[in-house]
Amino acid sequence: MPSILIVDDETIFRKGIRLMISDMQSEWTVIDEATDGADALDKIEALQPDLIITDIKMPRIDGIQLQYIVKERYPHISCVVMSGYNDFQYARESLRLGAKDYLMKPFQREELYALLTKLQEEWLTEKRPNKSSGMDQQVQNQMRQHVLASLITGNVHHGEAELLDNVGIQLPHANISCLIAKLDRDSVTDERYYQLNPSLFSIYIQQFIQESLDENFKGYVFIHHETEIIALINHENVSSIHADMEQLTNRIRKEIRVQSNFTLTFGLGSPAKDLESISKSYKEAGLALLYRLVIGGDRLLSNEIVAEMKMEKLDWHAADWHSLNQFVQEGDLANVQQQASLYVTKLCQQWKDPEIIHQQICKMLLHFYELAVNLAVVKQWLQNTDVKQVLVDIYSYSSSKELIERCQKLLGDLTVCIGNRQKKMVTSPVEIVVRYVEEHYAESITLNTMAEIVYLSPSYLSSLFKIKQGQSFIDFLTEKRIEKAKSLLLYSDEKIQVISDSTGFTNIRHFNRVFKTITNRTPSEFREGKSIAGTEPFKVK
């Protein structure tokens with residue numbers, strides 16, 4: 001029997017569609033529901049449905065992004081999209097991606113039945129898409145990616161052209177350019193980036209570029225090193241390569257900014273005339289991409305552009321690490337984060353050469369490595385890696401935001417290690433629990449978990465907490481979560497389901513019940529109360 005996964009962030013729509021399909025006398029079976037694209041991907045992996053019925057606009061991963069990823073990972077799975085009248089341009093994009101059809105919300109039962117009847121006939125005619133053939137295609141794609149990766153590392157030679165044919169790679173024209181795309185991290189909020197698996201951004205970008213490339217060029221797009229998307233583009237006319245690539249990347253950047261609200265930077269290498277030279281084009285594209293550190297992202301960077309830059313050798317005064325060094329040794333984490341950000345930002349503003357920026361950061365990190373050696377905290381600081389690998393990794397970053405985050409993480413971890421070593425006063429177990437709840441309220445927290453952290457029995461911690469705080473642990477935890485939920489209801493447009501999830505409640509029903517018990521209003525009433533009265537009905541503590 002053919003199976004369906006329903007994807008929509010509105011419970012009422014999911015349940016309504018499930019009910020319609022259950023009332024329909026057909027072979028279709030709803031095997032599960034998903035609240036958004038990210039939830040759907042987990043369920044697709046486990047359940048392998050034959051059809052996905054998905055909404056367009058959803059949090060985290062929307063319907064368009066979901067289709068890009070499904071098309072790459074599960075080409076045998078069909079999609080039908082649902083959209084409102086104002087979302088027709090997105091529905092049209094879905095049809096371009098291969099969606100079987102679209103349903104305009106609100107749709108009638110007869111529309112759904114007619115569509116599923118048509119798809120059932122197609123499914124029966126084809127005797128159901130063979131899952132094993134889908135796996136064969138997945139193996140073929142993996143082999144192709146391996147060969148493409150070998151091309152950029154210089155491990156495939158002209159005499160091995162037959163290897164390309166075996167995995168379906170065709171490069172009929174004489175010139176091959178390497179184009180590298182990277183997500184501009186500063187165009188994505190930390191919450192959005194880390195809420196998902198970052199590799200999903202790469203899969204989405206890969207498919208987006210491949211779709212755009214197929215319209216005008218012959219080429220192959222693949223993911224290298226998780227966050228680096230590479231396109232090998234076969235050109236017929238060498239004289240217009242740079243202009244063509246500038247036009248292509250400008251269109252991609254514009255469309256992806258409109259559809260998904262983030263930006264990309266591209267690095268372009270010079271055209272290779274044989275297979276052996278592709279690795280050189282890749283290295284040039286990577287080098288060009290490094291200049292994102294100097295002139296910013298959301299653009300195409302190439303050898304021509306880099307060569308035109310005026311490479312001024314500025315008089316660099318010796319790096320002043322006095323404040324940063326002082327804050328690290330004092331265990332002042334907040335100021336360490338701030339100073340690390342200022343230091344990297346200043347480097348990127350004052351130097352025109354990415355190599356020197358990397359050198360200065362490595363020099364700074366070696367200074368703190370020496371400090372860690374002297375304080376005997378290297379093992380606790382670097383854990384399963386060593387300083388050599390840390391320095392090698394620094395040279396792989398071409399984004400100032402990524403460099404800032406990496407330095408903040410390294411120096412922040414060192415600050416914590418030194419702080420723990422020098423700590424002379426024992427913090428109260430209740431203070432530790434309070435601080436932990438304030439920082440981790442969105443996670444699953446139990447009294448037993450807290451008891452393990454502070455090395456006390458749950459019963460003793462419970463008694464001690466009530467004496468010190470004047471309320472039970474569970475009441476304190478619930479209060480913190482409700483306080484955050486109130487704030488989000490008043491000052492954000494997030495859906496109530498999202499607010500429930502992000503404040504640590506197990507499900508929206510439990511959230512509604514607890515919220516009403518404490519505030520005498522449902523979350524919807526609380527939010528509406530502000531807009532009706534024009535004032536805030538409740539004050540968040």
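Residue numbers start at 1 and run along the sequence shown. These values consider heavy atoms only, across backbone and side chains, with no hydrogens, waters or symmetry-generated copies.
Residues that satisfy the salt bridge (charged side-chain N to carboxylate O under 4.0 Å, His left out) test with Lys401, not counting sequence neighbours, are Asp190, Glu405. Val392 pairs by the side chain to side chain contact (heavy atoms under 4.5 Å, CB included) definition with Gln389, not counting sequence neighbours. Applying the side chain to side chain contact (heavy atoms under 4.5 Å, CB included) test to Gln210 and every residue at least two apart in sequence or in another chain returns Leu213, Asp214, Val221. For Asp23, the side chain to side chain contact (heavy atoms under 4.5 Å, CB included) partners two or more places apart in sequence, or in a different chain, are Leu19, Arg109, Tyr113. Remark: Lys118 engages Asp101, Leu115, Glu122 in a side chain to side chain contact (heavy atoms under 4.5 Å, CB included) (not counting sequence neighbours). The salt bridge (charged side-chain N to carboxylate O under 4.0 Å, His left out) check on Arg257 picks up Asp298, with sequence neighbours excluded. Applying the salt bridge (charged side-chain N to carboxylate O under 4.0 Å, His left out) test to Glu402 and every residue at least two apart in sequence or in another chain returns Arg292. The salt bridge (charged side-chain N to carboxylate O under 4.0 Å, His left out) check on Glu111 picks up nothing, with sequence neighbours excluded.
Side-chain contact between Ile482 and Phe515 is present, with heavy atoms from C-beta onward closer than 4.5 Å. Considering only heavy atoms from C-beta on, Ile474 stays 4.5 Å or farther from Leu447 through its side chain. In this structure, Val80 and Ile52 have side chains that are not in contact, with every pair of non-hydrogen atoms separated by 4.5 Å or more. At a threshold of 4.5 Å between non-hydrogen side-chain atoms, the residues Leu116 and Ile4 count as touching. When side chains are defined from C-beta on, Val188 counts as touching Phe201, because their heavy atoms get closer than 4.5 Å. Using a 4.5 Å heavy-atom threshold, the side chains of Ile205 and Phe262 count as touching. Inter-residue side-chain proximity for Gln259 and Ile64 is flagged as met; some heavy-atom pair is nearer than 4.5 Å. Contact check for Asp393 versus Val390: no side-chain heavy atoms found under the 4.5 Å cut-off.
For the ring pair (Phe, Tyr, Trp, His ring centres under 6.0 Å) condition, no pair includes a residue of residues 26-52, sequence neighbours left out. Pairs passing the ring pair (Phe, Tyr, Trp, His ring centres under 6.0 Å) check and including a residue from residues 394-415, sequence neighbours excluded, read His358-Tyr395. Sorted by first and then second residue, the side chain to side chain donor-acceptor pair (under 3.5 Å) pairs involving residues 498-509 (not counting sequence neighbours) are Gln497-Asp501.
Arg251 places a side-chain N or O within 3.5 Å of a backbone atom of Ser212 that can act as its donor or acceptor partner. Checking side-chain atoms of Trp381 against main-chain N and O of Leu411 turns up no donor-acceptor pair under 3.5 Å. When atom types are taken as modelled, the side chain of Ser462 and the backbone of Pro458 share no donor-acceptor pair closer than 3.5 angstrom. Judged by distance alone, with hydrogens and angles left aside, the side-chain atoms of Gln338 form no donor-acceptor pair with the main-chain N or O of Ala334 at under 3.5 Å. Of the possible polar contacts, none joining the Ser492 side chain to the Leu489 backbone as a donor-acceptor pair under 3.5 Å is found. Formation of a donor-acceptor pair under 3.5 Å by the Asp184 side chain with backbone atoms of Ser187 is not found in this model. Here the side chain of Glu255 pairs no donor or acceptor atom with the backbone of Ile252 at under 3.5 angstrom. The backbone N or O of Ser3 sits less than 3.5 Å from a side-chain atom of Asp50, completing a donor-acceptor pair. The backbone N or O of Asp36 sits nowhere less than 3.5 Å from a side-chain atom of Arg60 that would complete a donor-acceptor pair.
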message: Using side-chain contact (heavy atoms from CB on, under 4.5 Å), reason through Lys495 and Asp9 one step at a time and then give a plain yes or no.
response: CA-CA 9 Å; Lys495 294 181 181 295; Asp9 58 329; 2.6 Å; yes
task: Quick one: do Glu528 and Arg521 satisfy salt bridge (charged side-chain N to carboxylate O under 4.0 Å, His left out)? Show the steps, please.
output: CA-CA 10 Å; Glu528 290 166 2; Arg521 288 193 178 192; over 6 Å; no
message: With side-chain contact (heavy atoms from CB on, under 4.5 Å) as the criterion, how do Cys407 and Ile361 come out once you've worked through the C-alpha distance, each side chain's angles and the decisive distance to 0.1 Å?
response: CA-CA 8 Å; Cys407 289; Ile361 291 174; 3.7 Å; yes
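In this structure, Glu228 and Ile180 approach most closely via the heavy-atom pair CG-CG2, 3.4 Å.
A salt bridge is defined here as a Lys NZ or Arg NE, NH1 or NH2 lying under 4.0 Å from an Asp or Glu carboxylate O, and Glu211 with Lys71 meets this definition. Contact check on Arg14 versus Asp8 returns no salt bridge, with no Lys/Arg side-chain nitrogen under 4.0 Å from an Asp/Glu carboxylate oxygen.
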Show me the side-chain donor-acceptor pairs of residues 39-46 shorter than 3.5 Å, one per line, residues at least two apart or across chains.
unit_1 : atom_1 : unit_2 : atom_2 : d
Asp39  : OD2    : Thr35  : N      : 3.0
Asp39  : OD2    : Thr35  : OG1    : 3.4
Lys43  : NZ     : Glu33  : O      : 2.5
Glu45  : OE1    : Tyr74  : OH     : 2.6

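Results of the side chain to side chain contact (heavy atoms under 4.5 Å, CB included) test with Leu300 over Leu179, Thr265, Asn250 single out Leu179 as the only residue that passes.
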